[in-house]
Amino acid sequence: RCTYFWNRIRVLGGAYGAFVKFNMDGELYFGSYRDPNLVETLQAYKDTVAFLENMNISDREMTKYIIGTISNLDVPLTPSAKGKSAAIAYIRGITNENIQKVRNEVLSAKQDDIKKMAAMIKTCLADSAICVVGNEEKLKENKTIFKSLCNIFEA
């Protein structure tokens, strides 16, 4: 998110932001917002596989990735947010042990672990869906990318 997507989609592409999200239920999604590019951003998502396969960073950079990831896992929550988080975990069957296991895996991650994610992402991209909310003209120009187009204000 803060390296590849930031540079490719935000800096070079002009989007306000871009992200990737992995959920504990196996869900993976990429996203960008206020993004002037459609085809280029979708290509950047596909190129994530090659980026990971060819990744070569220093131990210092890896430590920064780990710190950034942990900081997203352990954020201070308001009482309301704690309740919501607990309810979601309960409904999804996520235990404190599951959460701690993720923390431990993040803290012990090595560059090779990140590179191995390329195969998983490649599999996910092969069985993916594309959903874009954006400029109607831009979407119509690229309608061959989609199975269907709909106006969400008329749907």
Side-chain angles (χ1 to χ4, degrees), residues 1-57 61-62 64-66 68-75 77 80-81 83-95 98-99 101-103 105-106 109-155:
R1 177 178 63 89
C2 290
T3 303
Y4 174 69
F5 279 2
W6 179 266
N7 289 329
R8 179 94 181 256
I9 298 170
R10 167 74 172 105
V11 175
L12 297 176
Y16 275 44
F19 56 89
V20 60
K21 178 77 174 168
F22 298 90
N23 288 335
M24 292 182 92
D25 60 4
E27 184 179 65
L28 162 69
Y29 58 92
F30 298 130
S32 68
Y33 53 96
R34 298 187 77 180
D35 189 343
N37 301 302
L38 175 60
V39 175
E40 296 85 350
T41 296
L42 294 173
Q43 187 61 48
Y45 297 154
K46 291 176 187 173
D47 293 344
T48 301
V49 173
F51 171 77
L52 292 173
E53 289 173 338
N54 299 309
M55 188 174 141
N56 187 16
I57 59 171
E61 284 298 308
M62 189 66 195
K64 287 167 55 176
Y65 285 173
I66 290 169
T69 303
I70 285 293
S71 72
N72 287 328
L73 293 176
D74 291 328
V75 296
L77 301 174
S80 174
K84 181 179 177 181
S85 179
I88 290 169
Y90 177 78
I91 290 167
R92 290 185 173 173
I94 299 169
T95 65
N98 298 135
I99 294 167
K101 181 178 184 238
V102 169
R103 283 187 192 111
E105 288 173 353
V106 169
K110 305 290 182 228
Q111 191 170 168
D112 284 342
D113 299 320
I114 306 301
K115 285 184 174 190
K116 289 176 188 174
M117 291 175 59
M120 179 206 46
I121 291 172
K122 186 175 184 176
T123 300
C124 290
L125 288 170
D127 186 30
S128 64
I130 300 170
C131 176
V132 177
V133 177
N135 179 283
E136 185 175 4
E137 288 178 28
K138 186 82 145 183
L139 294 174
K140 285 180 178 178
E141 285 174 20
N142 295 284
K143 65 184 176 187
T144 58
I145 294 172
F146 307 103
K147 290 182 182 174
S148 65
L149 292 176
C150 73
N151 186 324
I152 59 174
F153 297 110
E154 296 173 2

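Residues Lys147 and Ile130 form no side-chain contact, since every pair of their non-hydrogen atoms from C-beta on lies 4.5 Å or further apart. Two residues are said to be in side-chain contact when any heavy atoms from C-beta on lie closer than 4.5 Å; Tyr4 and Asp47 meet this criterion.
The two residues Leu77 and Ser85 make their nearest non-hydrogen contact at CD1-CB, 4.4 Å. Minimum heavy-atom separation, Ala109 to Ile66: O-CD1, 3.7 Å. In plain terms, the two heavy atoms of Met120 and Phe22 that are nearest each other are CE-CE2, 3.4 Å. Across all non-hydrogen atoms, the minimal contact from Arg10 to Gly17 is CD-N, 4.1 Å. Contact detail for Met55 and Ile57: the closest heavy-atom pair is CE-CD1, 3.5 Å. The heavy-atom pair separating Gly13 from Asn37 by the smallest distance is O-ND2, 2.6 Å.
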Audit row: Lys140, Glu137, salt bridge (charged side-chain N to carboxylate O under 4.0 Å, His left out) steps and yes/no | CA-CA 5 Å; Lys140 285 180 178 178; Glu137 288 178 28; over 6 Å; no

Criterion side-chain contact (heavy atoms from CB on, under 4.5 Å) on Lys138 and Val132, from CA distance to verdict = CA-CA 11 Å; Lys138 186 82 145 183; Val132 177; over 6 Å; no

Applying side-chain contact (heavy atoms from CB on, under 4.5 Å), run through Asn7 and Leu12 and close with a yes or a no.
-> CA-CA 6 Å; Asn7 289 329; Leu12 297 176; 5.5 Å; no

Does the pair Lys110 and Asp113 meet the rule for a side-chain contact (heavy atoms from CB on, under 4.5 Å), with working shown?
-> CA-CA 5 Å; Lys110 305 290 182 228; Asp113 299 320; 3.7 Å; yes

Test side-chain contact (heavy atoms from CB on, under 4.5 Å) on Thr3 and Phe51 and set out the steps.
-> CA-CA 10 Å; Thr3 303; Phe51 171 77; 4.2 Å; yes

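Atom NZ in Lys46 sits 15.0 Å away from atom CD1 in Ile121 (nearest 0.5 Å). Note that the CG atom of Leu139 and the CD1 atom of Ile145 stand 9.0 Å from one another [nearest 0.5 Å]. The CZ atom of Arg8 sits 12.5 Å away from the OG atom of Ser32 when rounded to the nearest 0.5 Å. Note that the CG atom of Asn142 and the CG atom of Leu38 stand 4.5 Å from one another [nearest 0.5 Å]. Atom-to-atom distance recorded for Thr41:OG1 and Gln43:CD is 10.5 Å, nearest 0.5 angstrom. Of the inter-residue distances, the one linking Asn135 atom CG with Asp35 atom CG reads 11.5 Å to the nearest 0.5 angstrom.
Thr95 and Asn98 share a donor-acceptor pair across their side chains, judged by distance under 3.5 Å alone.
Although no hydrogens or angles enter the test, the distance criterion places no donor-acceptor pair under 3.5 Å between the side chain of Glu53 and the main chain of Ala118. The backbone N or O of Ala15 sits nowhere less than 3.5 Å from a side-chain atom of Arg34 that would complete a donor-acceptor pair. Distance alone, capped at 3.5 Å, places no donor-acceptor pair between the Asn72 side chain and the Thr69 backbone.
Between Phe30 and Tyr45, the ring-plane angle classifies as parallel under the 30° and 60° cut-offs.
More than 12 heavy atoms of other shown residues, nucleotides or ligands fall within 6.0 angstrom of atom NZ in Lys115.
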